[in-house]
Amino acid sequence: MSARAGGVATAWAEEGLEALKARGLRRYLEPLDSAQGPLVRLGGETLVNFASNDYLGLAASPTVRAAAAAALEVYGVGSGASRLVVGDTSAHQRLEARLAAFERAEAVLLFNSGYAANVGTLQALVGPGDVVFSDALNHASLIDGCRLSRARTVVYPHSDVEALERALVSTPARRRLVVTDTVFSMDGDLAPLHDIVQVCQAHGAALLVDEAHATGVLGERGAGLCEALGLEGSVDVRMGTLSKSLGGLGAYIAASRPVVDFVLQRARPLVYSTALPAALCAAAEAAVDIVERDDALRARLWRNIHRFSTGLRALGFAVEPRSAVFPVIVGEPERAVAASQALRSRGLLVKAIRPPTVPEGTSRLRFCLSAAHTEGQIDLALAALRALNL
Ligand SMILES: *Cc1c(COP(=O)(O)O)cnc(C)c1O
């Protein structure tokens with residue numbers, strides 16, 4: 001048996017865990033015994049997976065696996081150092097060129113995760129004396145990027161462009177940057193991006209958008225909401241992840257060459273962290289090829305989105321088919337956990353999302369759809385929700 005270390009931190013931790021438990025907010029790990037996919041093995045059971053952001057089913061794709069395996073043979077596992085030291089490879093360079101073509105961008109810069117991309121880009125672009133205007137429901141990584149940048153942060157009410165404009169008018173600064181998710185991760189709704197672009201242009205502010213849940217899902221080629229709205233050329237920085245629709249790990253920003261070159265100099269998560277393994281770069285390159293070429297996959301995802309949305313509306317939930325994310329809001333954390341457990345007993349893996357991930361009183365079941373779900377699996381979820389009578 002290993003000895004228990006340091007009593008002081010242990011006391012802090014025990015106190016914290018008790019407080020979380022009392023509020024129904026303690027969380028636990030649940031290890032899978034399978035790859036991601038519409039069916040997963042968990043605790044000896046096979047469950048239909050509605051919790052994964054693997055929207056196109058590419059995490060376990062044979063083509064993507066083969067690309068990763070081939071690169072693993074050439075480059076090994078670890079990358080040895082940060083990219084600016086000796087961790088850069090031709091696989092990183094190829095992926096950046098491939099992503100730039102996909103995003104119709106002048107340049108692309110890879111990061112180890114979407115979290116690192118948001119934190120690093122914000123911290124590189126703005127600093128003390130500058131102002132960031134941030135949607136109230138932005139992802140935690142954008143919020144943390146604001147903190148690390150030490151710029152002043154003005155939070156505007158969710159998707160309220162008039163409030164954003166008022167804030168821009170009343171907050172002069174040397175540099176002003178507006179940041180927003182394009183698909184909001186816990187609600188699945190879309191940012192009013194046309195209007196946000198207009199307001200940014202009218203007031204000389206830069207715009208950074210987070211396409212984490214839009215890449216692979218929205219746009220004719222799957223490049224996200226900017227592509228769907230024809231706004232690729234009107235947004236200063238577009239961030240996308242390799243970890244959701246692209247089925248791997250890592251992220252990128254698409255921007256002008258000077259922005260990419262400058263962020264590479266300054267972003268602490270890039271400069272002070274070991275590079276993404278080349279095998280993950282090769283996997284992402286194969287995944288982008290599939291996303292761009294195979295629109296049957298996206299069509300299948302959207303058929304599932306429409307089927308689920310129609311079914312939810314028939315059950316009385318006010319949802320719209322806007323993305324692959326569907327919140328079913330139940331209120332208190334304990335209710336969300338009980339509903340999630342009831343769905344589990346019917347063979348469905350659906351996660352309860354609680355504060356601080358979502359605001360108090362809006363604990364929810366979060367359903368994520370995939371192109372890999374069958375119609376039968378979608379209908380199973382709808383039948384289970386009907387039986388739950390939420
Ligand atoms: C998942 C997510 C991220 C973080 O991406 P990772 O690659 O998982 O680190 C950033 N922004 C949003 C909106 C996300 O949903």
Side-chain angles (χ1 to χ4, degrees), residues 36 50-56 58-59 64 92 95-96 99 103 108-123 132 134-149 155 158-159 177-191 193 196 207-219 223-226 235 237-254 263 267-270 273-277 280-281 283-284 287-288 291 322-327 351 353 356-359 364 366-370:
Q36 288 296 318
F50 286 101
S52 175
N53 303 313
D54 178 26
Y55 299 127
L56 297 176
L58 293 180
V64 174
H92 295 79
L95 176 58
E96 284 179 341
L99 287 167
E103 292 286 353
V108 154
L109 182 62
L110 286 174
F111 284 84
N112 291 4
S113 70
Y115 185 91
N118 281 339
V119 167
T121 304
L122 275 161
Q123 162 261 313
V132 180
S134 177
D135 187 287
L137 292 189
N138 273 346
H139 190 262
S141 55
L142 289 171
I143 296 168
D144 293 359
C146 293
R147 290 178 184 158
L148 186 63
S149 78
V155 176
H158 178 51
S159 287
L177 175 64
V178 175
V179 297
T180 183
D181 290 8
T182 58
V183 173
F184 287 88
S185 51
M186 294 303 136
D187 294 85
D189 59 326
L190 308 184
L193 204 55
I196 291 174
L207 176 59
L208 181 155
V209 303
D210 177 339
E211 297 256 46
H213 294 278
T215 309
V217 175
L218 299 176
L225 184 61
C226 292
V235 175
V237 182
R238 290 174 280 141
M239 174 276 194
T241 54
L242 308 177
S243 54
K244 290 174 175 147
S245 284
L246 293 170
L249 184 70
Y252 58 93
I253 57 165
V263 172
R268 299 174 68 87
L270 263 190
S273 193
T274 300
L276 206 61
L280 288 170
C281 297
V288 174
V291 165
R322 301 163 300 194
S323 70
V325 179
F326 285 89
K351 285 293 183 156
I353 310 285
T357 308
V358 294
R364 64 197 64 188
R366 178 171 177 266
F367 286 84
C368 294
L369 301 193
S370 162

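Count residues from 1 along the sequence. Order of appearance sets the numbers: ligands from 1, and atoms from 1 within every ligand. All values reported here derive from a predicted model rather than from experimental measurement.
Near Asp181, meaning under 4.0 Å from any of its heavy atoms, are these atoms of ligand 1: 13 (C). Atoms of ligand 1 lying under 4.0 Å from at least one heavy atom of Ser243, given by number and element, are 6 (P), 7 (O), 8 (O). Distances below 4.0 Å separate heavy atoms of Asp210 from the following atoms of ligand 1: 10 (C), 11 (N), 12 (C), 13 (C). Atoms of ligand 1 lying under 4.0 Å from at least one heavy atom of Ser185, given by number and element, are 15 (O). The atoms of ligand 1 that sit less than 4.0 Å from any heavy atom of Gly114 are 4 (C), 5 (O), 6 (P), 7 (O), 9 (O). For ligand 1, the atoms lying closer than 4.0 Å to a non-hydrogen atom of Tyr115 are 4 (C), 5 (O), 6 (P), 9 (O). Remark: ligand 1 atoms within the under-4.0 Å shell around heavy atoms of Ser141 are 10 (C), 11 (N). With ligand atoms numbered from 1 in the order given, ligand 1 contributes 5 (O), 7 (O) to contacts under 4.0 Å with heavy atoms of Thr241.
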Quiz item: Given Val178 and Leu208, is the side-chain contact (heavy atoms from CB on, under 4.5 Å) satisfied, shown in steps?
Solution: CA-CA 6 Å; Val178 175; Leu208 181 155; over 6 Å; no
Exercise. Show your working on salt bridge (charged side-chain N to carboxylate O under 4.0 Å, His left out) between Arg238 and Asp210 and close with a plain yes or no.
Key: CA-CA 6 Å; Arg238 290 174 280 141; Asp210 177 339; over 6 Å; no
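Distances from atom 3 (C) of ligand 1 to the heavy atoms of His213, Met239, His139 show the closest one on His139.
Between Leu246 atom CG and Leu280 atom CG the span is 12.0 Å, to the nearest 0.5 Å.
Not one N or O of Ala212 is nearer than 3.5 Å to an N or O of ligand 1, by distance alone.
Under 4.0 angstrom from ligand 1, there are no non-hydrogen atoms of Ala251.
Considering every non-hydrogen atom in both Val179 and Asn138, the closest pair reads O-ND2, 2.9 Å.
Using a 3.5 Å distance cut-off with no hydrogens or angles, the side chains of Gln36 and Ser52 do pair a donor with an acceptor.
When each of Pro269, Cys146, Ser113 is paired with Val119, the side chain to side chain contact (heavy atoms under 4.5 Å, CB included) condition holds for Pro269 and for no other. Checked against Leu225 for a side chain to side chain contact (heavy atoms under 4.5 Å, CB included), the options Val217, Leu190, Val235 give a single hit: Leu190.
Taking the six-membered ring where the residue is Trp, the centroids of His139 and Phe184 are separated by 6.0 Å or more.
Scanning all protein heavy atoms for the shortest distance to atom 1 (C) of ligand 1 gives Lys244 NZ, 1.5 Å.
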